[in-house]
Amino acid sequence: MQVEDVARRFLANKLKNEYNISVVVRSFEIDNVIEFGIFADLGDKVILGEVKARARVKTVKQLERAIEKLLEIRPEFQRKKIISMIYAQHATEGLIEECKRKGIYLALGHADLTPLNLSA
């Protein structure tokens, strides 16, 4: 199973088991513009994420740029609360600190390194 599949299954299970939210977690791509390995539309919220085998601080910048581009191209997402997520098999200490500082949900394998905040 690929890392992306594991990440999507992990998030779907977390949402179902901890928040009683059943949602299809998938990838989302606009050809030759942006791609998110994780996409979960929760109605008034959307979880957008990067999936990496090894994630570093630059992953945060990649995710932020992709979200900015999405909001430019698809303005309907501006009405939703964007929840940023990074799923990785390995993460640097710098990434963990950056995610804590910016409120990005970071999951490593099957453990949360930072909290998932679904509140409005």
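The closest donor-acceptor contact from the side chain of Arg9 to the backbone of Glu4 lies at 3.5 Å or more, if one exists at all.
Between Glu29 and Asp31, some side-chain heavy-atom pair lies under the 4.5 Å cut-off. Counting heavy atoms from C-beta outward, His110 and Val6 have side chains that approach closer than 4.5 Å.
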side-chain contact (heavy atoms from CB on, under 4.5 Å) assessment of Arg8 paired with Ser27: CA-CA 8 Å; Arg8 289 190 281 269; Ser27 62; 3.7 Å; yes
Derivation and outcome, side-chain contact (heavy atoms from CB on, under 4.5 Å), residues Leu42 and Leu118: CA-CA 10 Å; Leu42 308 177; Leu118 294 182; 4.0 Å; yes
Intermediate values then yes/no, salt bridge (Lys or Arg N to Asp or Glu O under 4.0 Å), Asp41 and Lys80: CA-CA 9 Å; Asp41 191 336; Lys80 296 180 180 270; 3.0 Å; yes
Verdict with reasoning, Lys14 to Asp112, per side-chain contact (heavy atoms from CB on, under 4.5 Å): CA-CA 10 Å; Lys14 180 175 187 66; Asp112 294 345; 2.6 Å; yes
Residues Leu15, Ile47; criterion side-chain contact (heavy atoms from CB on, under 4.5 Å); working and verdict: CA-CA 11 Å; Leu15 291 170; Ile47 300 173; 4.2 Å; yes
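What you find for Glu35 and Glu50 is that their closest heavy atoms are O-OE2, 4.2 Å. Taking each heavy atom of Leu11 and Ala40 in turn, the nearest pair found is CD2-CB, 4.4 Å. Looking at every heavy atom in both residues, Ser119 comes nearest to Lys81 through O-CE, 2.9 Å. The nearest pair of heavy atoms linking Ile38 to Ala7 is CD1-CB, 4.0 Å.
For Gln78, there are no side-chain hydrogen bond (donor to acceptor under 3.5 Å, both in side chains) partners, not counting sequence neighbours.
Put simply, NZ on Lys61 and CD on Glu64 are 7.0 Å apart, with the number rounded to the nearest 0.5 Å. A distance of 12.0 Å separates OG1 of Thr59 from CZ of Arg54, quoted to the nearest 0.5 Å. To the nearest 0.5 Å, atoms CZ (Arg65) and NZ (Lys58) are separated by 9.5 Å. Here the CZ atom belonging to Arg56 is positioned 7.0 Å from the OG1 atom belonging to Thr92, to the nearest 0.5 angstrom.
Checking Tyr105 against Asn117 by side-chain atom types alone, no donor-acceptor pair falls below 3.5 Å.
Ionic pairing of Arg101 and Glu98 is present here: one or more N-O contacts between side-chain nitrogen and carboxylate oxygen are shorter than 4.0 angstrom.
The hydrophobic cluster around Ile86 extends to Phe28, Ile30, Val33, Ile34, Phe36, Phe39, Val46, Leu48, Val60, Leu63, Ile67, Leu70, Leu71, Ile73, Phe77, Ile82, Leu95, Ile96, Ile104, Leu106, Leu108, Leu113, counting ILVMFWY residues whose side-chain heavy atoms fall within less than 4.5 Å of a member.
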